[in-house]
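Chain letters run A, B, ... following the sequence lines, proteins first, then strands; residues in each count from 1. Excluded from the calculations below are hydrogen atoms, water molecules and symmetry mates; all remaining heavy atoms, backbone and side chain alike, are included.
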Protein chains: 2
Amino acid sequence: MVGSTSNGESKQTLLKMIVHLPGYPKNEQVLMKKKGEITIYDIASHLKVSPSTVSRALKDHPSIGKKTKKAIQNYAAKYGYQPNTIAASLRNNKTNTIGIIISWINRPFIASLISGIEQAANDAGYNVIITQSQDSYEKEVANAQALFAGRVEGVVISLAMETEKFDHFEQFINKDIPLVFVDRVTDQLNSDLVAIDNFDAGFKATEHLITQGCKRIAHLGGSQIRNVYSERQKGYIAALSKHNLPLDESLILHSSLSAEDGHHCAEQLFGLNERPDGVFSANDTAAVSLIQSAKSKGIKIPEELAVIGFNNDPISSIIEPQLSTIYHPATDMGVIAATQVLKHRKNKEIVKSESIVLNTELMVRASSDRSIHKQLVG
Amino acid sequence: MVGSTSNGESKQTLLKMIVHLPGYPKNEQVLMKKKGEITIYDIASHLKVSPSTVSRALKDHPSIGKKTKKAIQNYAAKYGYQPNTIAASLRNNKTNTIGIIISWINRPFIASLISGIEQAANDAGYNVIITQSQDSYEKEVANAQALFAGRVEGVVISLAMETEKFDHFEQFINKDIPLVFVDRVTDQLNSDLVAIDNFDAGFKATEHLITQGCKRIAHLGGSQIRNVYSERQKGYIAALSKHNLPLDESLILHSSLSAEDGHHCAEQLFGLNERPDGVFSANDTAAVSLIQSAKSKGIKIPEELAVIGFNNDPISSIIEPQLSTIYHPATDMGVIAATQVLKHRKNKEIVKSESIVLNTELMVRASSDRSIHKQLVG
DNA sequence: TTGTACGCGTTATCAA
DNA sequence: TTGATAACGCGTACAA
């Protein structure tokens, strides 16, 4: 197959050698000495004040005298006092942490999503704990439990491919822990959603192909359990319908949209008596594989087959011809999702959940742009 | 002085006695207040045993009677008891969390690295907190502080591009918190390293180009501050030297190796009087851009210009011709790094730090494979 | 403006 | 085999 040159996962033993560094004798002596974990009690006793005064001084409480405050702050700085956030968490019942459940970190869209969440959270003084469901329902449940036990103050979720039950999220709702679903969402729970209009995007993509003159448009779709795929497909169907094109079930192929799936789908489609003249793939990975397969068969793109993908992954602008796609604001979605969580934490009374829908953008590139061709031909 | 933490004498005693003597008034009140936050105290009083018994039963301590244990575990399960990990952390001085400092999550290599860390950590019951330095020294310092304050039990670091001072890591070393540097490492600190042999990889890559007949090989390098780039470059130089090829400084270009940088470098190289006939780029991003630029100028690859990159990013097998590259076991490095952290946590006495060097793999693809061409020509 | 006293939930230590 | 007790470090009513 194409691209098989890149064997991904390493089955070979990669361990080459273990070198023990010369290692200057580490300060074992120093080890004996108890490590200086300075607490407010230490500061208090050394400065002959009470722990509460220290506590207040360190957070600039107005009711502490200027001199006392300065003295305490100076002492703290000098001796490198580090507030124990664990103790504070226990006391305040506040962890300053939000959890994330996603399928796989190492996918371009998800990585950007997380990057956005992390930035927004950090700016607000929050930490972020990331868990991967690996698209498994069981792992998703386990991750939810772990985050719940860790007392995260909110969770951002992009659902695993398999997930059809949502009981594992009820515990958060019962405790008023904000839940924000991103991209792969569900309407089964009354939670915040941050997503794009997948129907519209699927419609736009398909209609674009129709505009380019396609009459037989295939669709590479994902699991219809997940909104992102079912809605994209509905948009595709609606576009066909609007333009009075027949809906041919044999042109709709469902898979997990991996690179291999893309190749398989290509084979299947190219083996049909009546080949499609256009393909709307629900992600870029499968679309790119399909283009590669098409090229290896000598099928001209976009003249014989116009292709559009979804996500605007880096590979989409590397493949030749460059892949038309739907731009999908991953980082923004992350920022907004984190913001929603924090907003709910701030005004706890406002329980109303929102659905935020972001715009997508149709990016027309060579894989579906027949305008030049048209000019040449007629 | 430190261990003394002379905090208030047993102030709880009174209350506890009041609680235990008259029965269990306290717990009922707590239950009224909070939404089903069951604690071991609740279980204890309802089951007429002591909190310590509950605590031990819940963690399968051998010294608890079978019946008691069962009863407690059943009750806990029935009422959905959730251990408060914060309290446990405070008590045990153990957070079960490891921190990560990397440049950017949304880069293929880093995302896979994190994926590996996360999996290994989770399997050991650890959580993972991720921070992005965005290649800024200041942010890296801030992230280190945040992780330190959060009492992480270990840190996995891939250094920011800018970082030249390492004081912000001393605090971890002083407290014997394991530090594991990955990929972008430093030998300034006596910490664990997990890396590849960048010199060897650079050497292999360059020698491969020489084998393909290249005589004037350029190098797109990154900041020489970072080992990964300086060593790749040294490997490049060593390979030229071994094969008696002259070292031409004008063929070595340093940049941040972004896509734009790749295009700029291409322009610069193609503008030379004597063009290079081969390029070794220290990452795939720049290499791919360079190939695109070359193609737009009609320069034939690999015949006129053989190219090899580094990392085996997805784009490397999409570009045409497919990009030769150095495979770099990202996920494995993550798994190993996390494992090292956990190993140090387990046997604290073993302070010796290790350097683990993983194998890379030369992946020859069309962008540098002149064998077909050679056959045709000669 | 400062100090006292207590509890957040868990667990290690000792005692029974 | 079980229980009582004292911390872990912080924050905050309440009191002074």
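The pair B/Arg184-B/Asp135 meets the salt-bridge criterion, since a charged nitrogen lies less than 4.0 angstrom from a carboxylate oxygen.
Note: CD1 (B/Ile86) to P (C/dT11) measures 13 Å, nearest angstrom. Residue A/Lys70 contributes atom NZ, which lies 18 Å from atom C1' of C/dT1 at whole-angstrom precision. As a whole-Å value, the separation of B/Leu47 CG from D/dG3 P is 10 Å. As rounded to whole Å, 15 Å separates atom C1' of C/dG3 from atom NZ of A/Lys48. Atoms CG (B/Asn84) and P (C/dG7) sit 17 Å apart, rounded to a whole Å. The interatomic distance linking B/Lys94 (NZ) with C/dT11 (P) rounds to 12 Å, in whole Å. With rounding to whole Å, A/Arg151 atom CZ is found 8 Å from C/dG9 atom P. Taking atom CD1 of B/Ile72 as the reference point, atom C1' of D/dT2 lies 10 Å away to the nearest angstrom.
Using modelled atom types and a 3.5 Å distance limit, the side chains of A/Asn127 and A/Thr97 yield no donor-acceptor pair. A side-chain N or O of B/Tyr126 and one of B/Glu153 form a donor-acceptor pair less than 3.5 Å apart. A donor and an acceptor atom, one from each side chain of A/Asn122 and A/Glu118, are located under 3.5 Å apart. Donor-acceptor pairing under 3.5 Å is recorded for the side chains of A/Glu140 and A/His168.
Comparing B/Ala87 and A/Ser63 by the nucleotide of DNA chain C that holds the closest heavy atom to each, the one mapping nearer the 5' end is A/Ser63. Along DNA chain D, the nucleotide nearest to B/Val54 and the one nearest to B/Leu90 differ in position, and the one closer to the 5' end is contacted by B/Val54.
Contact annotation: B/Thr85 side-chain N/O to C/dT10 OP1/OP2 distance is not under 4.0 Å. Here A/Ser50 reaches the OP1 or OP2 of C/dG3: one of its side-chain N or O atoms lies under 4.0 Å away.
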Sequence-aligned protein contact record of nucleotides 11-16 of chain D, with B where the base is within under 4.0 Å of a protein heavy atom and S where only the sugar-phosphate is = BBB---

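Partner A/Lys69 forms a side chain to side chain contact (heavy atoms under 4.5 Å, CB included) with one of A/Val54, A/Thr53, A/Asp60 and no other, that one being A/Asp60.
At a threshold of 4.0 angstrom between heavy atoms, the contacts of B/Thr68 are confined to the sugar-phosphate backbone, with no base atom among them.
Judged by the 6.0 Å distance and 45° axis criteria, B/Lys70 is not positioned over the aromatic ring of B/Tyr75.
The side chain of A/Ile64 approaches C/dT2 more closely than any other nucleotide in the set D/dT1, D/dG9, C/dT2.
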